[in-house]
Amino acid sequence: MEVFGLVCMYCMTAFDDLKDRQIKVRDILIFGIVGIIINLVYRPHDLISVVGGVIVGLLVYLFSFLSKEQIGKGDALLIIVTGLYLGFTDTLVVLWVSTVLAAIVGTIHVKRHRVEIDSELPFVPFLLVGYLLLFTATNVGGIVACV
């Protein structure tokens with residue numbers, strides 16, 4: 001259930017992020033409510049883990065505020081909702097993998113297109129890929145097993 005919810009949320013918001021460079025708060029709110037319901041009904045993660053995952057997103061939101069949105073507030077809200085679905089450890093893993101992927105693609109983008117180093121990249125597609133890599137690694141037996 002959480003896999004379907006997260007993939008839907010990431011796909012919908014990634015499309016908006018790529019197209020408009022904005023994420024609809026309404027979509028995040030809907031998936032946040034669904035995440036809370038899933039946690040109340042199915043209890044896939046313990047409460048401490050879920051709170052930890054949400055705190056990761058809140059810290060990203062604080063960074064967004066302090067850095068004058070070097071990472072967007074919508075991205076931070078999406079990470080908060082990710083914490084509801086994945087808990088602390090998996091939220092950290094998705095955020096870390098997504099950040100590494102964004103850094104690699106951003107470096108290639110700057111070198112290839114000779115744009116400024118502070119040019120914007122939509123972050124949600126990297127969250128989607130990061131989550132899919134985490135899902136593959138935990139459910140298929142590792143990334144190497146997919147190759």
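Small disclaimer: the values here were computed from a predicted structure and weren't measured. Computed over heavy atoms, backbone and side chain alike; hydrogens, waters and symmetry mates excluded.
Distance alone, capped at 3.5 Å, places no donor-acceptor pair between the H45 side chain and the N39 backbone. The backbone N or O of F135 sits less than 3.5 Å from a side-chain atom of N139, completing a donor-acceptor pair. Under a 3.5 Å cut-off, the side chain of D27 and the backbone N or O of M12 do not form any donor-acceptor pair.
Separating the CD atom in Q70 from the NZ atom in K68 is a distance of 9.5 Å, to the nearest 0.5 Å.
Nearest heavy-atom pair, R21 versus E120, reported as atom, atom and distance to 0.1 Å: NH2-O, 4.1 Å. Of all non-hydrogen atoms in Y10 and V94, the two that sit nearest each other are OH-CG1, 4.2 Å. In this structure, A102 and L121 approach most closely via the heavy-atom pair O-CD1, 3.8 Å. Counting all heavy atoms, side chain and backbone alike, P125 lies closest to D17 at CD-OD2, 4.0 Å. Smallest separation of non-hydrogen atoms from L127 and S98: CA-OG, 3.2 Å. K73 approaches S64 most closely through the heavy-atom pair CG-OG, 3.2 Å.
Residues V81 and M9 have side chains in contact (heavy-atom distance under 4.5 Å, counting atoms from C-beta outward). Within the 4.5 Å cutoff, the side chain of D75 has no heavy atoms near those of the V60 side chain. Looking only at side-chain heavy atoms (C-beta outward), I79 and L58 stay at 4.5 Å or farther from each other.
Hydrophobic clustering (side-chain heavy atoms under 4.5 Å, transitive across Ile, Leu, Val, Met, Phe, Trp, Tyr) keeps F31 apart from V51. With hydrophobic clusters built from ILVMFWY side chains whose heavy atoms lie under 4.5 angstrom apart, I55 does not share a cluster with I80.
The 12-atom threshold is exceeded at CD of E69, counting heavy atoms of other residues, nucleotides or ligands nearer than 6.0 Å.
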